[in-house]
Asker: 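Dropping the structure in here first, questions after.
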Amino acid sequence: MISANDLSPAELAALLHFHADAGVEWLLEEEAIDRFAEFEAMKAARRPAAQAQQQRPAAGERPAPVQSPARPNTAARPAPAERAASGPQPAIPDGEAVQQARFVAETARSLVELKTAIETFNGCNLKHSARSTIFASGDAESGIMVIGSAPSAEDDREGLPFSGKSGQLFDKMLAAIGLTRSTILLTQVIPWRPPGNRAPSAAEMDICRPFIERQIALAEPKAILLLGNFSARFFFGENDTIHGLRGRWKEIAAADCVIPAIASLHPQDLLTAPVNKRLAWNDLLAFQAKLKSLSLLRN
């Protein structure tokens, strides 16, 4: 085992980033646990059950019920109630939490109020494992909105959507059609990074939906670009892949707003498979043409 004392600051930082990208959130338990004692207790608890299973009942007799193995001795660990009292526990989204999210979103009268509301909302388990709350950034008055999927590890570290290598490629994609981050409103469907970059669950999507829909309603964009498979499925309500959903204009609704939207590949998809850049370029040209027809972009 390599000790942290043997690593340089740069090596230690790289190792910590590696663990964060892999989805590691905690390295140690809050209380010391004797795993050897737990294992021995489990073996001792299983012996009576194994012996009972080996004994066959006599003819005409009903077999004696096999007792469930006793739980291992966890006296060294705090009771669940004590652990809950020691700090905030992740909240799993349920119907009540979804209703609370809707109320919080609907009562926000501006993007600033909505940002504060999301940052103080504790009803979603994703927030407790993420470093940052990712919210809309850029020009809310531009009429142009770009929506990604969920924060990546780089987004979570930087606190901004589309960070890292995919963000650098995204900037180039915008520049190719005459846009920059400062001239659009940029956000993501999910404000918190799912652990290990896993896909958000259906319950997590339900609880985050009021927040992203309220962002759209408050910004009132004239056109939306959706990036990535998850974002396209979320708004279009279809289960096709991004290759089947991209390149076609559809309408999405948020509150009283109905906005034309087109989906394309996420920059990370293009880094993984550069051959798809041609498809993304066609989508960007279609988005640019729409912006010009709406007088949102100069010719």
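Position 1 is the first residue of the sequence; numbering continues from there. A quick note: this is a predicted structure, and the numbers were derived from the prediction, not measured.
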Asker: Mind checking whether F170 and R181 have side chains closer than 4.5 Å, heavy atoms only?
Answerer: yes
Asker: Can you see which heavy atom on L291 is nearest to which on A223, and at what distance?
Answerer: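 Answer, listing the atom of L291 first, then A223: CD2-CB, 3.9 Å.
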Asker: Test R102 against E106 for salt bridge (Lys or Arg N to Asp or Glu O under 4.0 Å), laying out the working first.
Answerer: CA-CA 6 Å; R102 289 175 181 167; E106 290 172 0; over 6 Å; no
Asker: Between K292 and Q288, is there a side-chain heavy-atom distance shorter than 4.5 Å?
Answerer: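 Side-chain contact under 4.5 Å: yes.
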Asker: Applying the 4.5 Å side-chain criterion to the ILVMFWY set and letting contacts propagate, would I212 and I259 be lumped into a single cluster?
Answerer: yes
Asker: Run F121 and F211 through ring pair (Phe, Tyr, Trp, His ring centres under 6.0 Å) and show every step you take.
Answerer: CA-CA 11 Å; F121 182 80; F211 297 139; 5.3 Å; yes
Asker: Taking all atoms of both residues into account, what is the closest heavy-atom pair of K127 and N122, and its distance?
Answerer: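 K127 and N122 have their closest heavy atoms at NZ-OD1, 3.2 Å.
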Asker: Would a 4.5 Å heavy-atom cut-off, applied to side chains only, mark C208 and W192 as touching?
Answerer: yes
Asker: With salt bridge (Lys or Arg N to Asp or Glu O under 4.0 Å) as the test, would you mind laying out the steps for R198 and E204 before giving the verdict?
Answerer: CA-CA 12 Å; R198 65 167 172 79; E204 291 162 354; 2.8 Å; yes
Asker: Apply the test side chain to side chain contact (heavy atoms under 4.5 Å, CB included) to residues R193 and L126: give CA-CA distance (whole Å), side-chain angles for both, the deciding distance (0.1 Å), then the verdict.
Answerer: CA-CA 7 Å; R193 178 205 175 205; L126 292 178; over 6 Å; no
Asker: Give, for atom OG of S166 and atom CG of D155, the distance between the pair rounded to the nearest 0.5 Å.
Answerer: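 S166 atom OG to D155 atom CG measures 6.0 Å (nearest 0.5 Å).
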Asker: With a 4.5 Å cut-off on side-chain heavy-atom distances among I, L, V, M, F, W and Y, is there a chain of contacts connecting V104 to I216?
Answerer: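 They do share one cluster, since a chain of ILVMFWY contacts under 4.5 Å joins V104 to I216.
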Asker: Determine whether T116 and E113 make a side-chain contact, defined as any pair of heavy atoms from C-beta on separated by less than 4.5 Å.
Answerer: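 A side-chain contact is absent here, since even the closest heavy-atom pair is not under 4.5 Å.
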Asker: Please report the shortest heavy-atom distance between P200 and F230, naming the atom on each side.
Answerer: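 Minimum heavy-atom contact is CG-CZ, 3.9 Å.
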Asker: Kindly say whether A108 contributes a backbone atom to a donor-acceptor pair with the side chain of R214 at under 3.5 angstrom?
Answerer: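 Confirmed, R214 side chain pairs with A108 backbone.
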Asker: Nearest 0.5 angstrom please: E154 CD to Q268 CD, how far?
Answerer: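 Going from CD on E154 over to CD on Q268, the span is 7.5 Å.
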Asker: Quickly, which of V146, I190, L226, L225 forms a side-chain contact (heavy atoms from CB on, under 4.5 Å) with S231? Name it, please.
Answerer: L226
Asker: What verdict does the salt bridge (Lys or Arg N to Asp or Glu O under 4.0 Å) test give for R209 and E213, after you've listed the backbone C-alpha separation in whole Å, the side-chain angles of each residue and the deciding distance to 0.1 Å?
Answerer: CA-CA 6 Å; R209 182 177 292 275; E213 289 184 346; 3.6 Å; yes
Asker: With a 4.5 Å limit on heavy-atom distance, are the side chains of M173 and P267 in contact?
Answerer: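 Side chain of M173 against side chain of P267, heavy atoms only: contact under 4.5 Å found.
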Asker: Answer yes if the side chains of T187 and Q215 hold a donor-acceptor pair under 3.5 Å, and no otherwise.
Answerer: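 Per modelled atom types, T187 and Q215 side chains form a pair under 3.5 Å.
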Asker: Below 4.5 Å, heavy atoms only, C-beta onward: do P151 and Q188 meet side chain to side chain?
Answerer: yes
Asker: Nearest 0.5 Å, please: how far is CZ in R233 from CD in E238?
Answerer: 10.0 Å
Asker: Looking only at heavy atoms, which two atoms of P210 and A101 are closest? And how far apart?
Answerer: CB-O, 3.9 Å
Asker: Determine whether a donor-acceptor pair (N or O, by modelled atom type, separation under 3.5 Å) exists between the side chain of R248 and the backbone of G244.
Answerer: yes
Asker: Give me the atom names and distance for the closest heavy-atom approach of A263 to I242.
Answerer: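 Heavy-atom minimum between the residues: CB-CD1, 4.1 Å.
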Asker: Do L294 and L297 belong together in a cluster built from hydrophobic side chains that touch within less than 4.5 Å?
Answerer: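 Same cluster.
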Asker: Hey, are the side chains of S142 and T183 touching, using non-hydrogen atoms and a 4.5 Å cut-off?
Answerer: no
Asker: When clusters are formed by joining ILVMFWY residues with side-chain heavy atoms under 4.5 Å apart, either directly or through shared neighbours, do L186 and L160 land in the same one?
Answerer: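 No, because L186 and L160 fall into different hydrophobic clusters, even though each may have its own neighbours under 4.5 Å.
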Asker: I want to check something: taking the side chain as every heavy atom from C-beta on, are S163 and S152 in contact at a cut-off of under 4.5 Å?
Answerer: no
Asker: Nearest 0.5 angstrom please: R246 CZ to S264 OG, how far?
Answerer: 6.5 Å
Asker: So if you build clusters from Ile, Leu, Val, Met, Phe, Trp, Tyr with side-chain heavy-atom gaps below 4.5 Å, do F287 and F162 land together?
Answerer: yes
Asker: Between atom CG of L111 and atom CG of L185, what is the distance when rounded to the nearest 0.5 Å?
Answerer: 6.5 Å
Asker: Measuring from atom CD1 of I224 to atom CD1 of I184, what distance do you get when rounded to the nearest 0.5 angstrom?
Answerer: 11.5 Å
Asker: Among L279, N229, T272, L227, find the residue that satisfies the side-chain contact (heavy atoms from CB on, under 4.5 Å) test when tested with L265.
Answerer: L279
Asker: Kindly give the heavy-atom pair with the smallest separation between W281 and A176, and that separation in Å.
Answerer: CZ3-CB, 3.5 Å
